Structure formats: structure tokens, C-alpha cells
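A quick note: this is a predicted structure, and the numbers were derived from the prediction, not measured. We use all heavy atoms of the structure for the numbers below, so side chains are in, but hydrogens, waters and symmetry mates are not. Letters A, B, ... are given to chains in the order of the sequence lines, protein chains preceding strands, and every chain is numbered from 1.
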There are 2 protein chains.
Amino acid sequence: MNIQKILVADDHPIFRQGLIRTIESHSSFNIIAEVNDGMQAFNKIKELKPDIAILDISMPSLSGLQIVKKVQNLNLDVKIIILTMYTDEEFFSQAIDLDIKGYILKESTAEDLIVALKNVSNGGSYISPSLTDYVIKLGRERRSFIKAKPSLKNLTPTERKILKYLAENKTSKQIGDDLVISYKTVENHRANIRDKLNLKGLNALLKFAIENKSKL
Amino acid sequence: MNIQKILVADDHPIFRQGLIRTIESHSSFNIIAEVNDGMQAFNKIKELKPDIAILDISMPSLSGLQIVKKVQNLNLDVKIIILTMYTDEEFFSQAIDLDIKGYILKESTAEDLIVALKNVSNGGSYISPSLTDYVIKLGRERRSFIKAKPSLKNLTPTERKILKYLAENKTSKQIGDDLVISYKTVENHRANIRDKLNLKGLNALLKFAIENKSKL
DNA sequence: TTCAAAATGGGTGCTACTGTCTATTTACCT
DNA sequence: AGGTAAATAGACAGTAGCACCCATTTTGAA
């Protein structure tokens with residue numbers, strides 16, 4: 001196995017320092033670039049063609065997952081490891097959909113990171129142990145073809161827009177005024193969203209909107 | 001100036017690695033302990049009496065701010081630098097109340113961290129530049145004696161409890177049943193909370209409860 | 001072009017929250 | 001002992017969201 005060329009993208013300098021030290025202490029890996037935002041990451045990947053790119057999910061200008069989409073569109077042969085703070089099922093599910101090989105949490109140890117790098121460089125995969133619940137859950141859902149997962153993906157653009165307004169705690173009437181449509185139309189959208197997301201009862205929709213507004 | 005003894009407490013091993021590397025590259029600082037949870041941090045501070053303790057806010061078993069309170073109760077002469085992911089005004093305000101000298105964000109650069117350490121070790125203070133808005137705001141509020149800040153601190157224990165239930169999207173009736181009190185009482189608490197927090201309009205309270213549930 | 005999904009607008013009854021009151025009982029502090 | 005804050009309970013009117021229905025128009029893909 002050749003020495004693996006690694007690109008590291010993370011907007012937290014001190015954490016990035018930790019990553020680099022950890023990785024460079026192993027002779028089989030060589031860091032060829034470190035960047036602190038998404039656009040830089042994408043450009044460097046195009047230019048330097050690393051074997052593995054370690055990407056933070058939340059970065060300025062382009063998120064880790066957006067980078068992956070752009071890289072895959074260009075058919076570049078780069079293995080991706082996603083790094084994230086959060087044990088967020090939605091992000092995780094998206095990452096799996098994008099066929100990402102490594103998904104590790106920032107709370108992982110240096111040893112875990114190295115294991116992940118070795119697995120991925122050998123064509124395997126690595127997912128942080130704390131996420132195994134999600135793995136099992138996703139596997140079950142997809143095997144049973146239920147598509148029971150109530151997800152934002154199923155919503156239409158207009159429904160998403162309504163959700164954004166809801167997260168700001170606007171009433172149907174206010175939203176109707178803002179969008180220049182009838183408040184009844186807004187309430188119909190609300191009903192459809194509740195239906196798709198399987199939300200029942202008063203204010204369950206508002207709760208969902210607030211808790212998920214960062215993903216809209 | 002003697003060499004400063006530093007304790008580092010953070011539950012993310014890779015980030016901790018970055019911290020340590022950064023700090024040890026300067027000869028005026030010596031790391032005497034690194035720990036990954038709050039109780040360990042407190043015990044090591046008691047035992048080793050470092051000059052400066054760098055504490056993550058969110059850690060298992062004891063948060064950074066809780067550690068500070070316990071340390072101050074013992075009258076230990078340890079300078080504290082708080083590290084955090086979030087630009088959260090509530091935490092920041094609490095930290096200032098606790099007379100913490102350093103408050104820096106994890107997105108800071110290695111240079112910023114060193115500046116913070118030097119300032120604090122010389123009896124000064126350091127606050128991440130992104131937080132200057134808060135600094136100014138807090139200063140203004142306290143100078144003008146308004147206490148206009150609608151804060152969770154003003155709430156009674158029962159009101160806090162009600163907020164927790166609200167964040168779970170329970171109705172007044174459900175909450176009343178759970179606590180074995182009349183639903184009218186619950187609605188009175190709601191009204192009082194809205195009043196104290198200056199929340200107006202339908203669902204503004206629910207929105208607040210959901211957005212602040214982590215602090216309850 | 002034809003068909004389906006999405007967006008638009010509406011009706012009706014019910015329930016929960018809001019705003020604005022009053023009032024009583026505890027509990028704690030001076 | 002007296003006073004204050006907190007917790008308890010209630011009345012009453014107004015508004016918004018929800019859960020059912022319904023129909024029409026616009027849009028886009030097969």
C-alpha cells in the first residue's frame with residue numbers, strides 16, 4: 001500500500017491541529033493540504049486529488065455534504081470521511097445516501113480516527129460506535145421497504161418555505177399575508193406537512209419546525 | 001514570571017490533542033494534567049492546584065461552569081479559561097457573573113489561545129473577538145441598571161418545571177395531570193412566565209421553551 | 001396530450017392557548 | 001407577627017391551530 005495522501009478540512013484551527021498531529025504520527029499517511037472552509041476544500045480536492053478527504057460537516061461557504069455532492073458529480077476518485085460534532089440522524093442518513101465511507105464524531109479518540117483512516121484506505125468503511133443505533137435502524141427501514149422515515153426530503157419546496165415561517169412563530173394569517181396567498185392555503189399546506197411527517201396534535205408541527213429549522 | 005502550570009479539561013480527545021500541542025509549543029506553559037470529564041477536572045484542580053485551568057463548558061458529569069462554582073466555593077486560587085463551541089449569550093453571561101477571566105471559542109486560532117493564556121497568566125483577561133457584541137451589550141445593560149434582560153434566572157423552580165413540560169409539547173391539561181394540579185394553575189404559570197420573559201402572542205412561549213430546553 | 005402532483009381557496013366544528021381579571025393558601029424572611 | 005413571593009384555582013371572551021371535508025387551477029413529466 002502506498003502512502004495515502006490526505007486532505008483535512010475543518011474551520012476550527014485548534015481541532016485541525018489535533019487532527020494533523022494524530023494523522024502525521026502514522027507513517028502511512030501524509031497530509032497534503034489543510035483548509036478551513038468548504039470552497040477551498042473543493043478546489044484543493046480538484047487540484048491535488050488526495051486519496052482521502054476528511055471533511056467537517058459545518059464549514060463556511062460549503063458544507064461537507066455539499067462538497068461530497070460536487071466531488072461525486074465530477075467523478076473524482078476520492079474517499080470521504082465525514083467529521084461532525086453532532087449525533088444527528090438526519091445528517092447521518094444523508095451521508096449514507098451519498099455513499100460516504102467514514103462517518104466519525106469529533107468526540108472520537110485518536111485511535112478511532114486512525115482505525116477509520118486505515119479501514120477507508122483499504123476500501124472499507126468506519127462509523128463511530130455511538131452511531132450504531134442509527135445504522136441498525138436505517139438498515140431495518142430500508143430492508144423492509146417501508147420508507148417509514150418521516151423526512152424533510154418528502155416535502156415540496158413550498159411546504160419547506162411554510163416550515164421556515166412556522167419556525168419563526170408566524171400565524172397562518174401572517175404567512176398568508178407575507179406570501180400573498182390565502183391563509184386557508186397555508187393551513188392546507190400545514191395539514192399536508194403534518195400528514196407527511198406523521199405529526200399529530202396541537203403544536204406538534206411548530207415544535208418540529210423549530211427543532212429542524214437549521215435543516216430547511 | 002514562573003512557568004505556568006496548566007490543566008486542560010475537554011472530552012474530545014482530538015481537540016484536546018490540538019490544545020496540548022499548541023500550549024506546549026510555548027516554553028512558558030507546562031501542562032500538568034489533562035482530563036476528559038468534569039469530576040476528574042475538579043479533583044485534579046484540588047489536588048494539583050494549577051495556575052490556569054482550561055475548561056470545556058459541555059463535559060460529562062460536571063459542566064465547566066459547575067466546576068468554577070465548586071472551585072470558587074473552596075477559595076482555590078485558580079485562573080479559569082472557559083472554552084466553548086457556541087456563541088451563546090446565556091452561557092457567556094453566566095461566565096461573566098462567575099468572574100471568569102478568559103472565554104474563548106473553539107473556532108479560535110492557536111495564536112488567540114496563546115494570547116488568552118498570556119493575558120490571563122498576567123492577571124488580565126481575554127474574550128474571543130466574536131463575543132464583543134455581547135460584552136458591549138452586557139456592559140450597557142448593567143450600567144443602565146435596567147436588568148432588561150429577560151432571563152431564565154428570574155423564573156421560580158415551578159415555572160422552570162412547567163417550561164420543561166412545555167418543551168415536550170404537552171398541553172396545560174396534560175401537565176396538570178402529570179403534576180396533579182389544576183390545568184388552570186398551569187395556565188397561570190404560563191401567563192407568569194410569559195410576563196417575566198416578555199413573550200407576547202400565540203405560541204411564543206412554546207417557541208421559547210423548545211429553543212431553551214437545554215438550559216432548563 | 002394526458003395524467004399526477006402541487007398549489008391554490010374554502011367550510012365547519014372543536015380544542016388549546018392567550019389576555020385580563022380575582023382570590024386563597026403556603027412558605028419563608030425580617 | 002407581619003409582609004412578600006409563590007403556588008394554587010377559577011371566570012370569561014377572543015383567537016389560532018387542528019381534523020375532517022371539498023373543489024379548482026397550475027405545472028411538469030411520461
If I take atom CD1 in residue A:Ile162 and atom P in nucleotide D:dC18, what distance separates them, rounded to the nearest angstrom? 13 Å
Short question: side chain of B:Arg194, backbone of B:Leu199 - any donor-acceptor pair under 3.5 Å? no
Nearest-Å distance, CG (A:Asn203) to P (D:dC18)? 6 Å
Please confirm whether the backbone N or O of A:Phe208 pairs with a side-chain atom of A:Glu211, one donor and one acceptor, at under 3.5 Å? no
Strictly below 4.0 Å, N to O, side chains only: are A:Asp56 and A:Lys106 in salt-bridge contact? yes
Quick one: do the A:Gln40 and A:Asp37 side chains pair a donor with an acceptor below 3.5 Å? yes
Hey, are B:Asn198 and B:Lys200 close enough side-chain-wise for a donor-acceptor pair under 3.5 Å? yes
Interatomic distance, B:Asp195 CG vs D:dA5 P [rounded to whole Å]: 14 Å
Roughly how far, to the nearest 0.5 Å, is NE2 of A:His189 from CG of A:Leu163? 11.0 Å
Between P on C:dC17 and CG on B:Leu199, what's the gap in Å once rounded to a whole number? 15 Å
Counting only heavy atoms not in A:Lys44, do more than 12 fall under 6.0 Å of its NZ? no
Between the protein and nucleotides 25-30 of chain D, list the N/O to N/O atom pairs that are separated by less than 3.5 angstrom.
none

Side chain of B:Ser121, backbone of B:Leu117: donor and acceptor closer than 3.5 Å? yes
Using the rule side chain to side chain contact (heavy atoms under 4.5 Å, CB included), only one of A:Asp177, A:Ile175, A:Thr158, A:Asp178 pairs with A:Val186; which is it? A:Ile175
Closer than 3.5 angstrom, by distance alone: can the side chain of A:Asn119 be matched with the main-chain N or O of A:Ser125 as a donor-acceptor pair? yes
Identify, residue by residue, the members of residues 169-178 of chain B with a heavy atom below 4.0 Å from DNA chain D, and return them in order of residue number, or none. none
In whole Å, I'd like the distance from the CZ atom of B:Arg190 to the C1' atom of C:dG19. 13 Å
Rounding to an integer number of Å, can you tell me how far A:Leu197 CG sits from D:dC18 P? 12 Å
Grab the NZ-P distance between B:Lys161 and D:dA7 for me, whole Å please. 9 Å
pair A:Ile193-A:Ile162: side-chain heavy atoms closer than 4.5 Å: yes
Within the sub-3.5 Å range, which N or O atoms of nucleotides 4-13 of chain C have a protein N or O partner, and how far apart are they?
residue: C:dA7; atom: OP1; partner: A:Thr158; partner atom: N; Å: 3.3
residue: C:dA7; atom: OP1; partner: A:Thr158; partner atom: OG1; Å: 2.4
residue: C:dA7; atom: OP2; partner: A:Thr156; partner atom: OG1; Å: 2.4
residue: C:dA7; atom: O5'; partner: A:Thr158; partner atom: OG1; Å: 3.3
residue: C:dT8; atom: OP2; partner: A:His189; partner atom: NE2; Å: 2.9
residue: C:dG9; atom: OP2; partner: A:Ser182; partner atom: N; Å: 2.5
residue: C:dG9; atom: OP2; partner: A:Thr185; partner atom: OG1; Å: 3.0
residue: C:dG9; atom: O5'; partner: A:Thr185; partner atom: OG1; Å: 3.4
residue: C:dG9; atom: N7; partner: A:Asn188; partner atom: ND2; Å: 2.8
residue: C:dG9; atom: O6; partner: A:Asn188; partner atom: ND2; Å: 2.8
residue: C:dG10; atom: OP2; partner: A:Ser182; partner atom: OG; Å: 3.0
residue: C:dG10; atom: O6; partner: A:Asn188; partner atom: OD1; Å: 3.0
residue: C:dG11; atom: N7; partner: A:Lys184; partner atom: NZ; Å: 3.3

